[in-house]
Amino acid sequence: DDISRDGGGRGDDQLALHGDGGENLGLAPGASAIVLHEDKVHYPSAEDVYGEGVRTAVLDEDTMDLEEPIVEPVKRKNFSLMRDENEEREAYGDGMIQKEENKEDDLVSDRYLASLVANETTRTRRSVALVGHLHTGKTSLVDLLIEQTKVPFSKGFGIHGPRSAMEAHRGGGPRTTDTLQSEQDRQLSIKSCPITLCLPDTRGKTYALTTIDCPGHTNFHDESVASLRVADGAALVVDAIEGIMLHTEMLLRQIISEGLPLVLIINKIDRLVLELKLPPDDMYHKLRNVIDSVNAYVSHHSNGRYPKLSPDRGNVIFASSMHGYAFSLESFAAQYLDQLDFDVEEEEDAFGSFKNHGGLGRKVTPEAFAKRLWGNAYLDPKTRTFQRRSNECAPDPVTGLSPKRTFVQFVLEPLYKMYTLCLGEPEKDVEKAFRSLGVLLGKEHLRSSARPLMRVVFRKYFGTSTGFVDTIVQHVP
């Protein structure tokens, strides 16, 4: 027994001498070491988890004051983006007049704009509240109007560059009326912001149009209510896909209670082409469904006191603020007939229609043509008269099919063709096709991506959004 005990003791000593915990015998390191309870490590340390270059702090409970935050927020000294501009204003006479520096890009001077606003009557000025649900394109629509008050561009992508053709969440658009830093960071309007612009109508007469960009979030509904109290009328912006939303109903009830004139703007119609990829006939029915739903809601809550909203009456505007156009049927008819004047002389075929004029004569006025661009209106290619039913018209001499609605034939199909050229055709074909429409494109345009190209094409083709001014002047007294 003594020998065995001595041998066991000498064996342990030999194991200890050969290595730490018997590494040479295949045992785990420290397997035979004795670790005290207070020295045991049950969880990895912060340095093991986050690494050596990370500074960590462990705080005990109730050791910090309630007023002291655990993570201090980033402090900003500038809450408004307008502060720098206000500091540059100087006193002149009885009022505050902004310096005339960097004003060479404006089409009209501030003095001329002030004369339109100072008019005692409302013949040359209007005030309209631009209201709608969240992310319906109200701020980008104001940016489009601001861009049209600058000197027309001949090269490049406009005063805002290619980013004006991008969505807000991707950094697109200047969002001029979002004057707060938090509005730019959150990419939504928080406070109402008015801006007065000098805009022309279709006849070329200029008006001082004060547009109040109102927030679309329901939490800031009070801002829209306050704007409706001071405005002459309301321009309701509706998404072409979403239609009437929660805040849209709240705004319609407020507009009806105030008794304000109402104008409807269907924005983002490009989504029906690029996202839903609807055919032109289905796109017409979708737009009509949006208009009918707004009319039904207004008629129900106003007991029939409000006039019907309809494009042929001139109180509905179709727009795509991201692609840079907004038109009414009358302004589109004027644009269409002006474009036909650039064609060669008429050539009459066997059916009595004019190939270059799409079956229209030169005596058609934009007002008369606009009234026949909506609803069940069909152009007979043989007699060149408008009919209410397609079966009363002669078949198309080329396709042999019945003619389509005038809105589809003269409005939607040309838009679809322009989108198709911008998206999938070679540069030579795009340049040649748009040159025939009076749209001249440079190499920087043709070699750019699709979105900047589409905005440049539509901005140059439609020009100033005179249809928006016509609608406001005629329906907002």
Side-chain angles (χ1 to χ4, degrees), residues 122 125-146 148 176-177 189 192-197 199-202 207-216 220-221 223-240 242-245 247-269 287 290-291 293-295 297-298 302 306-311 313-322 325-331 464-477:
T122 59
R125 56 184 172 89
R126 294 292 190 278
S127 176
V128 60
L130 203 63
V131 296
H133 193 71
L134 181 66
H135 294 325
T136 54
K138 301 179 293 297
T139 303
S140 58
L141 187 61
V142 176
D143 290 337
L144 173 62
L145 299 177
I146 295 175
Q148 295 172 0
T176 308
T177 51
S189 300
S192 297
C193 180
I195 185 171
T196 302
L197 303 172
L199 298 172
D201 61 356
T202 305
Y207 293 86
L209 184 61
T210 301
T211 306
I212 307 176
D213 183 18
C214 301
F220 312 116
H221 179 67
E223 293 285 338
S224 300
V225 173
S227 301
L228 292 173
R229 293 288 179 89
V230 300
D232 300 329
L236 181 66
V237 184
V238 178
D239 193 297
E242 297 175 353
I244 293 183
M245 304 294 288
H247 198 201
T248 310
E249 298 178 355
M250 298 170 59
L251 293 169
L252 282 175
R253 290 194 296 267
Q254 183 66 31
I255 293 171
I256 294 172
S257 64
E258 297 289 342
L260 294 175
L262 178 61
V263 171
L264 178 62
I265 301 176
I266 303 179
N267 198 13
K268 299 184 179 182
I269 63 174
L287 295 174
V290 174
I291 299 174
S293 60
V294 175
N295 281 325
Y297 191 89
V298 172
S302 65
Y306 271 72
K308 182 181 179 181
L309 296 172
S310 181
R313 296 190 177 188
N315 50 14
V316 176
I317 301 172
F318 302 99
S320 174
S321 54
M322 187 177 68
Y325 62 89
F327 63 89
S328 62
L329 290 187
E330 184 174 347
S331 65
T464 307
S465 300
T466 58
F468 177 79
V469 183
D470 291 337
T471 304
I472 298 299
V473 171
Q474 294 174 8
H475 298 277
V476 178

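Values below: all heavy atoms of this structure, side chains included; hydrogens, waters and symmetry mates excluded.
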Value for CD1 (Ile317) from CG (Leu329), rounded to nearest 0.5 Å, stands at 10.5 Å
- Message: Pair Thr202, Val469 - check side-chain contact (heavy atoms from CB on, under 4.5 Å), show working.
- Response: CA-CA 8 Å; Thr202 305; Val469 183; over 6 Å; no
Between the side chain of Ser192 and the main-chain N/O of Glu223, is any donor-acceptor distance below 3.5 Å? yes
Intermediate values then yes/no, side-chain contact (heavy atoms from CB on, under 4.5 Å), Val237 and Val131 = CA-CA 6 Å; Val237 184; Val131 296; over 6 Å; no
Would you say that Ile266 contacts Leu287 through its side chain, given a criterion of any heavy-atom pair below 4.5 Å between the two side chains? yes
Check for a donor-acceptor pair, side chain of Asp470 on one end and backbone N or O of Ser465 on the other, with a separation under 3.5 Å. no
One should read off an interatomic distance between Gln254 CD and His247 NE2, to the nearest 0.5 angstrom, of 9.5 Å
Any non-hydrogen side-chain atom of Leu236 less than 4.5 Å from a side-chain atom of Val263?
no
From CA spacing to verdict: side-chain contact (heavy atoms from CB on, under 4.5 Å), Val316, Ile291: CA-CA 9 Å; Val316 176; Ile291 299 174; 4.1 Å; yes
Between the CD1 atom in Ile472 and the OH atom in Tyr207, the distance rounded to the nearest 0.5 Å is 12.5 Å
What one should report as the nearest heavy-atom pair of Leu228 and Ala129 is CD2-CB, 3.8 Å
For Arg126 and Val473, the nearest pair of non-hydrogen atoms, with its separation, is NH2-O, 3.4 Å
Nearest heavy-atom approach of Phe318 to Pro311 is CZ-CG, 3.7 Å
For Glu258, the salt bridge (Lys or Arg N to Asp or Glu O under 4.0 Å) test, sequence neighbours excluded, returns Arg229
Scanning both residues in full, the closest heavy-atom pair of Ile265 with Ala319 reads CG2-CB, 4.2 Å
Show me the side-chain donor-acceptor pairs of residues 208-216 shorter than 3.5 Å, one per line, residues at least two apart or across chains.
unit_1: Thr210; atom_1: OG1; unit_2: Thr196; atom_2: OG1; d: 3.0
unit_1: Asp213; atom_1: OD2; unit_2: Thr139; atom_2: OG1; d: 2.8
unit_1: Asp213; atom_1: OD2; unit_2: Thr177; atom_2: OG1; d: 2.6

task = May I ask you to decide if Gly314's main-chain N or O and His475's side chain share a donor-acceptor pair within less than 3.5 Å?
result = yes
>> Whether the side chain of Ser331 engages the backbone of Phe327 through a donor-acceptor N/O pair (distance < 3.5 Å, no angle test) should be reported.
In response: no
**Message:** Regarding Thr466 and Asp201, do their side chains bring together a donor and an acceptor under 3.5 Å, going by distance alone?
**Reply:** no
CD1 (Ile195) and CG (Leu197) are apart, to the nearest 0.5 Å, by 4.5 Å
Within the distance-only criterion (no hydrogens, no angle test), does the side chain of Gln148 pair as donor or acceptor with the backbone N or O of Thr464 below 3.5 angstrom?
no
Test side-chain contact (heavy atoms from CB on, under 4.5 Å) applied to Asn315 and Gln474, step by step:
CA-CA 8 Å; Asn315 50 14; Gln474 294 174 8; over 6 Å; no
query: Does any non-hydrogen side-chain atom of Pro477 lie less than 4.5 Å from one of Pro261?
result: yes
d(Asp239 CG, Thr136 OG1) to nearest 0.5 Å is 7.0 Å
Taken to the nearest 0.5 Å, the spacing of Ile269 CD1 from Met322 CE works out to 11.5 Å
Q. With no hydrogens and no angle check, is any side-chain donor or acceptor of Tyr306 less than 3.5 Å from a backbone partner on Leu260?
A. yes
task = For the residue pair Ser321 and Asn267, confirm or rule out a side-chain donor-acceptor distance under 3.5 Å.
result = yes
Residues Ala234 and Ile255: closest non-hydrogen pair is CB-CD1, 3.6 Å
Looking only at heavy atoms, the pair that brings Leu252 and Leu262 closest together is CD2-CD2, 4.0 Å
(request) Verify, without hydrogens or angle tests, whether Lys138 (side chain) and His133 (backbone) share a donor-acceptor contact under 3.5 angstrom. (result) yes
